[in-house]
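To start, the structure under review is shown below, and the notes come after it.
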Amino acid sequence: MKEFINTLSQILCPPGDGVYTIHTAADRKSQLKKILYGDVENPLLSWKKSLKQSTLNPKKPYVLGVCSDCGGGIQRGANWGPLFLRDTLYSEISLSEVNDLGDIRVIPHLLDDKYLNQTTIEKCKLSLYGDAKSPWPVSPLSITKYFCDLFYQSLPDSSLIALGGDHSVSYPLVKSYLEHKKKQGKKVALIHFDAHTDLLTERLGIDLCFGSWVPHILSDLTSPDYCYQIGIRSSGQPKEHWQNKFGIQQFWAQEISDHGVQAVIDQIKNDLKRKGVQEVYISFDIDALDSSYASSTGTPEINGLEPHQAVLITNALAEDFVIGSCDLVEVAPFVQFPPHNPVGLQTTLISANQILMNFIELMGR
Ligand SMILES: [Mn+2]
């Protein structure tokens, strides 16, 4: 456990510090640290102490920020999601309800170590860890995978709530979770809320990005039909195309509005029970919600889910299946549609917080 905590203190940083800035949002960052640790002289030390304490309560869900938007491609800005989401969250719940581990350390120009040459990796290791030969990865997705593997190994029955970041961060989060559950012999499914399918196999030659993370985790599921996509409505191809091509299951937003949310719930739950699924991972792209609830995001889409519908689906799943881990991604606080619309930001944060608090309640049981 000591090794685990030592490694965390290298590859993570205090909550809110995942976006590397000196002045931008400095007030907001120090405000968050005040909420978390009180008016202390050395918040870094308080954070390190909190890492140690967090291992004493493995039943409480763990919160992790992944402030990476290098995998985004339409509109950046989801790197600021975790800081703003925590602001809203901790004004509503007591800190003691979760173990907040902090943020993945992010070099904002990087995505995954496999895209880097050795010289760059060594220079980045020197910058992040003070040692060009250090054992830890340097890109956000690679560090996230490293973190998750270590997390599930050290706290095998704990659950993780990750805050993105663009949707590429779900690749390491989901992959590590699925690999871990396979080792535990548990049957699991992926529940993916999104306006988009994220089913490209690559985008401009890059295989891991916001629009292409899903195909690369399908082989880690029992079979691709253990992946359920909910809320889809912006796609160049019809539902049948995606289902036939990948073998996944989709429930488009239009179906929910045509047949009601309960019909979709029944269908998914019956299917999960028939397959003997015990646990689910929920990946929640905020753009699954209608743009009137979630406009501060890279690609807001009309005709989407209402927050209470998403909550209903999640609660119904939690009645029969463990919510193993989850993520909430693509909240981009400085992005506003229409531009200069602060109401849109507040609405997005309130809606996202509703989803987040529900996860915490269900996973903290
Ligand atoms: Mn997505």
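What you see is a predicted model, and the numbers here were worked out from it, not measured in a lab.
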Taking atom types as modelled, is there a side-chain donor on His167 or Ser283 under 3.5 Å from an acceptor on the other?
yes

Would you find more than 12 non-hydrogen atoms of other residues, nucleotides or ligands less than 6.0 Å from Leu44 atom CG?
yes

If you apply the rule salt bridge (Lys or Arg N to Asp or Glu O under 4.0 Å), what do you find for Asp157 with Lys59, and how did you get there?
CA-CA 8 Å; Asp157 298 311; Lys59 292 262 175 257; over 6 Å; no

Would Lys29 and Asp87 count as a salt bridge (Lys or Arg N to Asp or Glu O under 4.0 Å) if you check the C-alpha gap in whole Å, the side-chain angles of each, and the deciding distance to 0.1 Å?
CA-CA 9 Å; Lys29 286 181 176 187; Asp87 262 358; over 6 Å; no

Assess whether side chain to side chain contact (heavy atoms under 4.5 Å, CB included) is satisfied between Asn99 and Asn57, documenting all intermediate values.
CA-CA 8 Å; Asn99 294 306; Asn57 284 305; 4.2 Å; yes

Least distance between heavy atoms, Leu305 atom then Phe193 atom
CD1-CD2, 3.9 Å

Using a distance-only test with no angle check, is there a side-chain donor-acceptor pair under 3.5 angstrom linking Asp207 and His216?
no

Strictly below 4.0 Å, N to O, side chains only: are Asp166 and Arg76 in salt-bridge contact?
no

With a cut-off of 6.0 Å (strictly less than), are more than 12 heavy atoms of other residues, nucleotides or ligands near NZ of Lys275?
yes

Value rounded to 0.5 Å, distance of CD1 in Ile104 from CG in Leu173
8.0 Å

Full working for salt bridge (Lys or Arg N to Asp or Glu O under 4.0 Å) between Glu240 and Lys245:
CA-CA 8 Å; Glu240 291 69 30; Lys245 183 170 179 190; over 6 Å; no

Going by an N to O cut-off under 4.0 Å, is there a salt bridge joining Asp103 and Arg86?
yes

What are the two closest heavy atoms between Ala316 and Ile265, and how far apart are they?
CB-CG2, 3.4 Å

Could you see if Ile350 belongs to whatever hydrophobic cluster contains Val311? Use Ile, Leu, Val, Met, Phe, Trp, Tyr and a side-chain cutoff under 4.5 Å.
no

For Trp80 and Phe334, I'd like to know if the aromatic rings sit close, meaning centre-to-centre distance below 6.0 Å.
yes

Going through the checks in order, is the side chain to side chain donor-acceptor pair (under 3.5 Å) test met by Gln10 and Asn6?
CA-CA 7 Å; Gln10 292 289 332; Asn6 281 345; over 6 Å; no

Step by step, work out the side chain to side chain donor-acceptor pair (under 3.5 Å) result for Tyr177 and Asp220.
CA-CA 10 Å; Tyr177 170 85; Asp220 295 298; over 6 Å; no

Pair Lys181 + Glu279, salt bridge at N-O below 4.0 Å:
yes

Quick one: does Asp327's side chain get under 4.5 Å of Ile161's, heavy atoms only?
no

Are Glu255 and Arg233 close enough for a salt bridge, meaning some N to O gap below 4.0 Å?
no

When you check the gap from the basic side-chain N to the acidic O, do Lys269 and Asp320 get nearer than 4.0 Å?
yes

Measure across Pro333 and Ser296 and return the closest heavy-atom pair with its distance rounded to 0.1 Å.
O-OG, 4.0 Å

Should Lys133 and Glu122 count as an ion pair when the cut-off is N to O under 4.0 Å?
yes

Quick one: closest heavy-atom pair of Val106 and Pro108, and the distance?
O-CD, 3.5 Å

Check step by step if side chain to side chain contact (heavy atoms under 4.5 Å, CB included) holds for Asp112 and Tyr115.
CA-CA 6 Å; Asp112 190 283; Tyr115 302 127; 3.9 Å; yes

Checking Lys239 side chain against Trp252 main chain: does a donor-acceptor pair fall under 3.5 Å?
no

Treating Thr24 as the side-chain partner and Thr21 as the backbone partner, does any N or O pair qualify as donor plus acceptor under 3.5 Å?
no

Over all heavy atoms of both residues, which pair between Asp69 and Gly77 is shortest? Give the atoms and the distance, please.
OD2-N, 2.8 Å

For a quick check under 3.5 Å, do Asp100 and Tyr62 share a side-chain donor-acceptor pair by atom type?
no

Tell me, with the steps shown, if Asn358 and Thr314 meet side chain to side chain donor-acceptor pair (under 3.5 Å).
CA-CA 8 Å; Asn358 193 51; Thr314 311; 4.7 Å; no

The single option from Leu200, Ile74, Asp198 that satisfies side-chain contact (heavy atoms from CB on, under 4.5 Å) with Phe210 is Ile74

Verify side chain to side chain donor-acceptor pair (under 3.5 Å) between Glu92 and Asn353, making sure each step is shown before the conclusion.
CA-CA 9 Å; Glu92 297 270 346; Asn353 198 48; 4.6 Å; no

Modelled atom types, side-chain donor and acceptor of Glu301 and His196, under 3.5 Å:
yes

Search all heavy atoms of Phe4 against all heavy atoms of Phe151 and return the closest pair with its distance.
CE1-CA, 3.9 Å

So does Ser292 get a backbone contact from the side chain of Ser295, meaning a donor-acceptor N/O pair under 3.5 Å?
no

Please tell me whether Tyr152 and His180 form a close aromatic pair, meaning their ring centres lie under 6.0 Å apart.
yes

